[in-house]
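Just below is one structure, and these are the notes that go with it.
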Amino acid sequence: MLKERRIVLGVTGGIAAYKAAELVRELVRGGAKVRVIMTDHACRFITPLTFETLSGNPVATDLFRMTGNFEIGHIALAEFAELIVIAPATANLIGKLSAGIADDLLTTVLLAATAPVLVCPAMNAKMYAHPIVRENRARLVSHGYAVLEAGYGELACRTEGQGRLPDPLEIVEEIESLLAQKDLQGEEILITAGPTQEPFDPVRYITNYSSGKMGYALAVMARRRGASVTLISGPTELTAPRGVEFIPVKTALEMRDAVLDHLEKSTVVIKAAAVADYRPAVCQATKIKKKAGPLTVRLERNPDIVSAIGKKKGRRIIVGFAMESDHLVENARAKLMKKGMDFIVANDVTEAGAGFRADTNIIRILDREGSDERFPLMDKLEVAGVILDRVKMVRSGRRIRDER
Ligand code: CTP
């Protein structure tokens with residue numbers, strides 16, 4: 001979470017400097033306190049006034065005006081920072097940092113800082129591919145700097161290639177991840193998400209309204225908190241989260257196979273997918289043509305994936321979901337016990353803000369010991385945080401029991 005986090009943003013002189021303005025907006029929107037340092041070259045592309053206005057703080061540009069009203073010194077800036085982000089980072093900045101050169105305010109702050117640093121390169125594709133720039137990037141990584149890969153696409157110099165500044169939202173995600181406490185490090189979390197599609201001919205299928213948002217939010221949060229994450233997802237409109245092993249599937253049978261293939265190494269399994277319980281008994285090879293009278297499609301049962309895992313549970317923590325329209329607690333408790341889950345996240349689809357496509361959810365968590373905890377309306381990322389906190393509690397409970 002960005003709230004009250006202290007971030008120093010270094011802007012260097014590339015055409016992508018204007019995108020740093022959007023980054024500041026996103027960070028400030030998230031509640032972060034942002035201090036911007038601009039190099040002389042950056043000031044040729046965009047004015048300090050833009051960043052001053054967006055960040056609500058004076059912008060630092062000059063190493064030798066350290067104590068004036070508008071500037072704070074390089075040491076103070078280095079100490080202020082919980083995280084330093086350089087976006088865009090030119091080849092020049094990357095070269096200077098990797099050589100330990102400190103000849104302006106930004107490079108001096110970078111050498112004086114102990115906070116983690118995120119470098120977001122942006123430059124012409126040929127420069128980006130230059131062996132010296134590559135070596136410099138690798139050197140930064142070997143010294144513990146987080147360095148994002150530049151994006152592919154059209155570049156300002158009217159060429160195509162790799163050199164674009166990553167999207168500001170991707171940079172924000174990386175910042176969130178670097179700032180998060182790594183309390184799930186060592187966990188291998190397998191998450192299923194989205195609906196499944198069960199075809200009955202090449203152009204038609206049965207599915208449900210699941211958007212996948214809850215499962216993807218879990219993947220994002222688990223990765224931020226240091227877990228290694230595998231996301232097995234039915235078809236959704238969402239983009240695969242960064243840093244997550246992503247396995248797209250369509251049908252329940254494919255999802256089951258993917259889950260079983262990845263079960264071995266997992267320490268936690270979270271089944272957020274809305275798996276279709278039935279599939280057409282036959283999938284026609286050619287499109288079904290309409291005829292007079294009704295059409296009957298015979299459905300047969302899909303395997304229950306979570307129950308199949310339950311049998312191979314071992315020491316894994318298994319979390320399921322129950323989305324109900326009536327008798328929420330009774331139905332959820334029955335699933336929890338029958339399917340060998342450690343706890344179940346239950347919600348009532350008929351409640352406003354708790355539906356399939358919403359960005360929010362209202363959940364309660366029921367466990368095998370009989371507890372039933374209710375939560376208020378929350379953003380799906382917050383819900384994901386609460387679920388992962390519960391995973392941690394189950395893990396620590398087990399450790400304590402093991403030590404006895
Ligand atoms: N689930 C599963 N495989 C299935 C169906 C469901 O793994 N074939 C999992 C879901 O991912 C979820 C949990 O089981 O974590 C409960 O899913 P739900 O559809 O609510 O339960 P069902 O057992 O299918 O019961 P019903 O549809 O009758 O409510």
Side-chain angles (χ1 to χ4, degrees), residues 189-199 205-219 222 229-236 247-263 266 268-281 299-313 316-351 354-357 361-368 372 380 383-384 386-388 390-391 394:
I189 306 189
L190 178 61
I191 299 167
T192 67
T196 62
Q197 287 179 352
E198 311 296 333
Y205 53 80
I206 298 171
T207 190
N208 57 59
Y209 288 119
S210 169
S211 64
K213 285 177 185 165
M214 192 61 247
Y216 280 58
L218 279 159
V229 179
T230 303
L231 177 63
I232 299 175
S233 173
T236 74
I247 298 158
V249 295
K250 283 209 169 79
T251 64
L253 290 177
E254 285 171 16
M255 185 173 277
R256 182 207 48 196
D257 292 348
V259 167
L260 294 177
D261 281 352
H262 292 83
L263 188 62
S266 68
V268 179
V269 180
I270 307 181
K271 290 282 294 131
V275 184
D277 289 325
Y278 294 90
R279 65 176 180 277
L299 302 178
E300 65 186 23
R301 279 290 303 270
N302 267 328
D304 193 289
I305 306 173
V306 78
S307 300
I309 303 169
K311 290 187 194 104
K312 303 182 179 180
K313 187 171 187 297
R316 286 180 192 90
I317 295 172
I318 299 191
V319 182
F321 278 77
M323 205 179 223
E324 306 291 342
S325 59
D326 56 277
H327 298 98
L328 178 67
V329 174
E330 296 89 306
N331 285 338
R333 196 167 286 294
K335 286 176 193 175
L336 161 76
M337 301 312 279
K338 196 171 95 194
K339 300 191 185 203
M341 300 165 180
D342 288 275
F343 64 90
I344 193 161
V345 182
N347 66 334
D348 181 343
V349 264
T350 62
E351 244 180 307
F356 257 140
R357 300 201 162 258
N361 209 347
I362 305 167
I363 59 153
R364 50 211 284 177
I365 294 183
L366 284 75
D367 71 12
R368 300 183 80 78
D372 173 4
K380 281 187 174 165
V383 174
V386 163
I387 295 170
L388 294 169
R390 186 54 88 96
V391 166
V394 175

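For ligands, and for the atoms within them, numbers begin at 1 and follow the listed sequence. A quick note: this is a predicted structure, and the numbers were derived from the prediction, not measured. Because only heavy atoms are used, hydrogens play no part in the values below, and waters and symmetry mates are left out as well, while side chains stay in.
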Closest heavy-atom approach to atom 24 (O) of ligand 1 among Asp277, Ile309, Asn208 is made by Asp277
Does the residue Ala252 have a heavy-atom contact with ligand 1, meaning some pair of atoms that are separated by less than 4.0 Å? no
So for ligand 1, is [X] a polar contact partner (N or O within less than 3.5 Å, distance only)?
X: Val306; result: yes
X: Glu324; result: no
X: Thr192; result: no
X: Gly320; result: no
X: Ile305; result: yes

Just wondering, are more than 12 heavy atoms of other shown residues or ligands nearer than 6.0 Å to CZ in Phe321? yes
Under 6.0 Å from the NZ atom of Lys338, do we count more than 12 heavy atoms belonging to anything else shown? no
Numbering as shown, the atoms of ligand 1 that approach [X] to under 4.0 Å (heavy-atom distance):
X: Ala273; result: 10 (C), 11 (O)
X: Pro303; result: 4 (C), 8 (N)
X: Val275; result: 2 (C), 3 (N), 4 (C), 5 (C), 8 (N)
X: Lys271; result: 7 (O), 11 (O), 12 (C), 15 (O)

What residue and heavy atom of the protein are closest to [atom], and at what distance?
atom: atom 29 (O) of ligand 1; answer: Lys335 NZ, 2.9 Å
atom: atom 17 (O) of ligand 1; answer: Phe321 O, 3.7 Å
atom: atom 22 (P) of ligand 1; answer: Lys339 NZ, 3.7 Å

Distance in Å, Ile318 CD1 paired with Ser266 OG, rounded so as to fall on 0.5 Å steps: 8.0 Å
Are the side chains of [Y] and [X] in contact, using a 4.5 Å heavy-atom criterion?
X: Asn361; Y: Lys213; answer: no
X: Asp367; Y: Asp342; answer: no
X: Ile189; Y: Leu218; answer: no

Please check: side-chain N/O of [X] versus main-chain N/O of [Y], any donor-acceptor pairing under 3.5 Å?
X: Ser233; Y: Gly194; answer: no
X: Glu198; Y: Ala252; answer: yes
X: Asn208; Y: Ala274; answer: yes

